[in-house]
There are 2 protein chains.
Amino acid sequence: MNSVKNLPEKTIERLSQYRRVLLDCLRQGKYNIYSHELASLLHINPVQVRRDIMLIGHNGTLRKGYDVKRLSDMIGTIIDSKEGQKVAVVGVGNLGRAIMTYFQGKRTKLVIAAAFDTDPAKVNRVIAGIRCYAASEMEEVIRKEGITIGVITVPPDKAAESAEKLVMAGIRGILNYTPVALNVEPHAYLEEYDMVTSLEKVAFFVKNRS
Amino acid sequence: MNSVKNLPEKTIERLSQYRRVLLDCLRQGKYNIYSHELASLLHINPVQVRRDIMLIGHNGTLRKGYDVKRLSDMIGTIIDSKEGQKVAVVGVGNLGRAIMTYFQGKRTKLVIAAAFDTDPAKVNRVIAGIRCYAASEMEEVIRKEGITIGVITVPPDKAAESAEKLVMAGIRGILNYTPVALNVEPHAYLEEYDMVTSLEKVAFFVKNRS
DNA sequence: ATAACATTGTTATTTTTGTAACAAAAAGAA
DNA sequence: TTCTTTTTGTTACAAAAATAACAATGTTAT
Ligand SMILES: NC(=O)c1ccc[n+]([C@@H]2O[C@H](COP(=O)([O-])OP(=O)(O)OC[C@H]3O[C@@H](n4cnc5c(N)ncnc54)[C@H](O)[C@@H]3O)[C@@H](O)[C@H]2O)c1
Ligand SMILES: NC(=O)c1ccc[n+]([C@@H]2O[C@H](COP(=O)([O-])OP(=O)(O)OC[C@H]3O[C@@H](n4cnc5c(N)ncnc54)[C@H](O)[C@@H]3O)[C@@H](O)[C@H]2O)c1
C-alpha cells in the first residue's frame, strides 16, 4: 500500500517547508511556481520537489508549474488534521515564552491552547495570549481541552517528570527541547532537538571546510 | 580515503549527543559505559553506537565497554577545533536571549563572544554575560574577535540582510532560526531549523498513529 | 504546421544511512 | 583448564533517501 500514511519522514518535513514558502508566495501575489523555484528557495534538488509532490498525488501544469494555492491546500490535507490539534507548552521560561510568542496566529490547525509552570509568578497569568496553569493541573486541563501535543521547555532535571505527566494525561506527541533523552514510547511520538548539537555540527563543518 | 573529514553527517550529530551523555556520566561518577547503555539513552541501536565509535578510531574494552572520559575527549578531538571557535548571536529578542542564557558556560571550545541588535535599548548592554553591539559594528567586531559562526535570530524580514552582513564580515558558518531560507553558499556552511516544521511533523505522526 | 523548448511525472540508479550477523576476545564459572 | 557469557569491532546486507535519466506533453516561436 502506498497511501499518504506511508510518506517518508523527510518528505513530511519538506512538505511543511514547501507550505511555508507557498504561503509566502501567496502573500506576495505569486500564484504559480516551478519545481526548480521551490527547490532553490529551500536549497534542495528540483527532482526531489517533484517527487515529493508526486507522492502526495498532486498535479502541476506543464509549463506553468504548480498552482500555489492548490498545492498549499493539498499539503494541508496531508499534514493537518481536519479538526486541528491543540498544543501545550510545559515550562514558561526563556525558551517557552519565545515559542509561545512566536506561534501566536501562525497556524490555524495547530494552536497552543495552554502553558504550564510551577512558578507562582507565572501561574494563572496570560502570557502571549496563552493561559498559564499550575503544573499540577496538567492532567485535568489537557483532558478537558483535548490537547494532543506537548512541548517541553522545563529545566533539564524536570524534563523526565514533565514527560511522564504528559503521558499520564494522555498526550500523543512530544517535542522535547531539553538536552535530556526522554522515554515515552510507545505512549507518544517523540521528537527531540538540541541546539548545542546543531551548533557543534556547524562548528565541525566550518572547521573541515576546504 | 576514510579520514575523519569524511564522517557521515548523521554520525557527527550523534557524536555531539554521545558527548552530552558522557559528560553527564562523568558528573555522576560513571567511568565506563557499554554501547547498549549509550544507545538506550539516545533511543538508538547499539550497533550504530559501536559503528560510530569505530569510525572515529576509538577503542573500547571488552567486557568493560568504553572509557567515558577517553571517549568524550576523543569526540572532542573530532568535533572541536583546537583553538576553539567564537560564535555571535544576531538579534537579541526572545529567542536570541534564550540561546545566550542557555549557552553560558556549556562548552569551552564554543563560546558566544558577541551579540548584535539594532534596538538602542539593547546596544552596549551586557546580556547573559555577553556584550551586545550595534548591528552596524558587526563587521568590525567579528573580524577583531575572530568570530567564525553566526546564529541568526532577527525578525524574518531582517534575516537576509543579517546573513549578508555576516558573510561580508567573513563568517564561516551560520545557524539560522528564522523561517527564511538564506543564500550564503559558498561563503558559509548553513544549517537551518524551523520550529514550526518540527511541530507539524509531530502533529502529522500523531494524526497517523495506529 | 512544425520545430525547439521547458517543464512535469515517473522509473532507474546511486548514495547514504541503519541494521543484522558474527568472529574475536576477555572475564568469570565450573 | 575448559566452557559459557558478554561485549566489542567489522563486514555484509537492507532500507531509506537523494539524484539522474528520460519520456511525455503543452507552449511558444518560426
Ligand atoms: N534557552 C534556550 O535557548 C534553550 C536552548 C536549548 C535548550 N534549552 C532547554 O530548554 C529548557 C528551558 O530553557 P530556558 O532557557 O527556557 O529555561 P528557564 O529556566 O528560563 O525556564 C524553565 C521554566 O520551567 C519552569 N519549571 C520548572 N519546573 C517545572 C515543572 N516541573 N513543570 C513546569 N514548569 C517548570 C520554571 O519555572 C521556568 O519558568 C532547558 O532544559 C534548557 O536546557 C534551552
Ligand atoms: N521565538 C521563537 O521560539 C522562535 C522560534 C522559531 C523561530 N523564531 C524566529 O526567530 C526570530 C526571532 O524571534 P524572536 O521571537 O526572538 O523575535 P523578537 O522580535 O523577540 O527578536 C528580534 C530581535 O532582533 C532585533 N533586530 C531587528 N532587526 C535587526 C537587525 N537588522 N540586526 C540585528 N538585530 C535586529 C530586534 O531588535 C529584536 O531584539 C524570528 O525570525 C522568528 O521567526 C523564533
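Reminder, nothing fancy here: chain letters follow the sequence lines and each chain counts from 1. All values below were derived from every heavy atom in this structure, side-chain atoms included, with hydrogens, water molecules and symmetry-related copies excluded.
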Hey, does the side chain of B:T153 reach the backbone of B:T178 with a donor-acceptor pair shorter than 3.5 angstrom?
-> no
Between CD of A:E9 and P of D:dA18 the distance, given in whole Å, is 11 Å
Tell me, which pairs form a ring pair (Phe, Tyr, Trp, His ring centres under 6.0 Å) where one or both residues lie in residues 155-199 of chain A, sequence neighbours left out?
-> A:Y189-B:F205, A:Y193-B:Y193
Taking the side chain of A:Q48 as its heavy atoms from C-beta onward, which of D:dT19, D:dA24, D:dC22 lies nearest to it?
-> D:dT19
Counting side-chain heavy atoms from C-beta on, which of D:dT25, D:dA20, D:dG9 comes nearest to A:L62?
-> D:dT25
Side-chain N,O (B:Y34) to OP1/OP2 (D:dG9) below 4.0 Å | no
Atom CD1 of A:I12 and atom P of D:dA16: how far apart are they, to the nearest Å?
-> 14 Å
What are the bounds, 5' to 3', of the part of DNA chain C that sits under 4.0 Å from heavy atoms of chain B?
-> C:dT17 to C:dA27
Between the side-chain atoms of B:R63 and the base atoms of D:dT5, is any donor-acceptor pair under 3.5 Å?
-> yes
Find the distance A:N59:CG to D:dG26:C1' and express it as a whole number of Å.
-> 14 Å
Taken in chain and number order and not counting sequence neighbours, the residues that satisfy ring pair (Phe, Tyr, Trp, His ring centres under 6.0 Å) with A:H36 are A:Y34
Would you mind classifying the nucleic acid contact of A:T61 as base, sugar-phosphate or nothing, using non-hydrogen atoms under 4.0 angstrom?
-> sugar-phosphate
Does the distance from a Lys or Arg side-chain N to an Asp or Glu carboxylate O, for A:E37 and A:K30, drop under 4.0 Å?
-> yes
Give a yes or no on whether the backbone of B:A203 and the side-chain of A:Q85 come within a donor-acceptor separation of less than 3.5 Å.
-> yes
A:R27 and A:D24 ion-paired at < 4.0 Å | yes
Nucleotide D:dA23, atom P - distance to CZ of A:R50 in whole Å = 14 Å
From NZ of A:K64 across to C1' of D:dT25 the rounded distance in Å is 15 Å
Let me know, please, whether A:P8 or B:G65 comes out on the 5' side of the other along DNA chain D by nearest nucleotide.
-> B:G65
Euclidean distance, atom CG of residue B:L71 to atom C1' of D:dT8 [Å, nearest integer] | 13 Å
Round to the nearest Å and state the distance from A:E13 atom CD to D:dA16 atom P.
-> 16 Å
Check whether the side chain of A:R51 and the base of D:dT19 form a donor-acceptor pair under 3.5 Å.
-> yes
Let me know, please, whether A:I44 or B:H58 comes out on the 5' side of the other along DNA chain D by nearest nucleotide.
-> B:H58
Protein-nucleotide distance (B:I53, atom CD1; D:dG9, atom P), rounded to Å | 8 Å
Taking the nucleotide of DNA chain C with the closest heavy atom to each, which residue, A:I33 or B:R14, is nearer the 5' end?
-> A:I33
With a 4.5 Å limit on heavy-atom distance, are the side chains of A:R97 and B:N94 in contact?
-> no
Touch class at under 4.0 angstrom, heavy-atom based, for B:S35 against every strand present = sugar-phosphate
Polar side-chain atom of B:Q104 near backbone of B:A128 as donor-acceptor pair, under 3.5 Å | yes
